[in-house]
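All remarks here apply to the structure that follows.
On a predicted model such as this, the values are computed, not experimentally measured, just so you know.
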Amino acid sequence: MSLAGWHDLDDDARRETLHRCCGCRRWVELVSAAAPFADAAAFHAAAEAAFDRLDRDDWLESFAHHPRIGDVASLRERSSPHAATADISTREQAGAAGASDEVLRALADGNARYHQRFGHVFLVCATGKTAEQMLALLAERIDNPPDTELALAAGEQRKITHIRIDGLLRGEAGAHSAGLTRRGAERVKK
């Protein structure tokens, strides 16, 4: 979808697409309120400005919309909180798809320890990373102080969101997979 096509969506459909980029309601509202954007750079600038206004609870809300790295079962569940972004997360975590059972078990164990320690999912921009690389990053970060880890996870959320915005503007999330309303999907087709 082009930027003009995104602007042509109704408010609800625009918010739905933003929510697929970042699961924080406050971020969605801030970016939505900043529209329309002159170009993709302005869209990304609005995303950054919104990120700069988020607090700890907002970040935790955004993290909660991500499945655990390597958790394929969660991505397949239609009723999971990740169902709306399952197709995106599956592409982002493609590096985990061919991982050995041993590495997947280590990721599952590490994810569980991480969640117990920090109270949120281990977040890493998985695009282009192998399961082994993600496991190494998890091992590197698990001993961080909580405030440090929150800041690192927030940085990863920013990267993920910008990649998703680029994908949205390249048309990688079509009307059906973007979760657009019927009216919004009809507008995109015109």
Query raised in the report: Going by an N to O cut-off under 4.0 Å, is there a salt bridge joining R26 and E29?
Result: no

Report task. Could you pull out the closest heavy-atom pair between L3 and A40, with the gap in Å? Result -> CD2-N, 4.0 Å

Requested in this report: Flag the pair L54 / E61 as yes when at least one side-chain heavy-atom distance between them is below 4.5 Å, and no otherwise.
Outcome: no

Requested in this report: Report yes if the side chains of D11 and R15 come closer than 4.5 Å at any heavy-atom pair, otherwise no.
Outcome: yes

Requested in this report: Answer yes or no: are there more than 12 heavy-atom neighbours, outside R56 itself, under 6.0 Å from its atom CZ?
Outcome: no

Requested in this report: Say whether, by atom type as modelled, one donor and one acceptor occur between the side chain of R117 and the main chain of I142 under 3.5 angstrom.
Outcome: yes

**Report entry** Shortest non-hydrogen contact between C125 and I160, atoms and distance
**Finding:** CA-CG1, 3.8 Å

Query raised in the report: For atom CG of D39, is the number of surrounding heavy atoms from other residues, nucleotides or ligands below 6.0 Å larger than 12?
Result: yes

Query raised in the report: R141 side chain to L123 main-chain N or O, any donor-acceptor pair under 3.5 Å?
Result: yes

Query raised in the report: Which class fits the ring pair H120 and F63: parallel under 30°, tilted 30 to 60°, perpendicular over 60°?
Result: tilted

Query raised in the report: At what distance, to the nearest 0.5 angstrom, does CG of L135 lie from CD of E140?
Result: 11.0 Å

Requested in this report: Kindly assign one of parallel, tilted or perpendicular to the pair F37 and H7, based on the angle between their ring planes and the thresholds 30° and 60°.
Outcome: tilted

Report task. Ignoring hydrogens and angles, tell me if any N or O in the side chain of D109 forms a donor-acceptor pair with the backbone of A106 under 3.5 Å. Result -> no

Query raised in the report: Between A46 and V31, which heavy-atom pair has the shortest distance, and what is it?
Result: O-CG2, 3.9 Å

**Report entry** For C22 against V28, the heavy-atom pair lying closest together
**Finding:** O-CG2, 3.7 Å

Query raised in the report: Any side-chain heavy atom of R68 sitting closer than 4.5 Å to one from Y114?
Result: no

Query raised in the report: Would you say the side chain of S2 lies within less than 4.5 Å of the side chain of L169, judging by non-hydrogen atoms?
Result: no

Report task. Determine whether E149 and L152 make a side-chain contact, defined as any pair of heavy atoms from C-beta on separated by less than 4.5 Å. Result -> yes

Query raised in the report: How far does CZ of R25 sit from CG of L30, to the nearest 0.5 angstrom?
Result: 13.0 Å

Report task. Evaluate the criterion side-chain contact (heavy atoms from CB on, under 4.5 Å) for residue pair R53 and W27; output intermediate values, then yes/no. Result -> CA-CA 8 Å; R53 295 181 59 189; W27 182 88; over 6 Å; no

Query raised in the report: Any donor-acceptor pair under 3.5 Å linking the side chain of T161 with the backbone of C21?
Result: yes

**Report entry** E132 CD to L137 CG distance, which is reported to the nearest 0.5 Å
**Finding:** 12.0 Å

Query - Minimum-distance pair of heavy atoms, taken over all atoms of R14 and L9 - result: NH1-O, 2.6 Å

Query raised in the report: Are R158 and D52 within salt-bridge range, i.e. N to O under 4.0 Å?
Result: yes

Query raised in the report: Does W59 use its side chain to pair, donor to acceptor, with the backbone of L150 at less than 3.5 Å?
Result: no

Query raised in the report: Do any N or O atoms from the side chain of E48 and from the backbone of A45 form a donor-acceptor pair under 3.5 angstrom?
Result: no

Query raised in the report: What closest approach, in Å, do S32 and L18 show between heavy atoms, and which atom pair accounts for it?
Result: N-CD1, 3.8 Å

Query raised in the report: Do W6 and T17 have a side chain donor and acceptor closer than 3.5 Å?
Result: yes

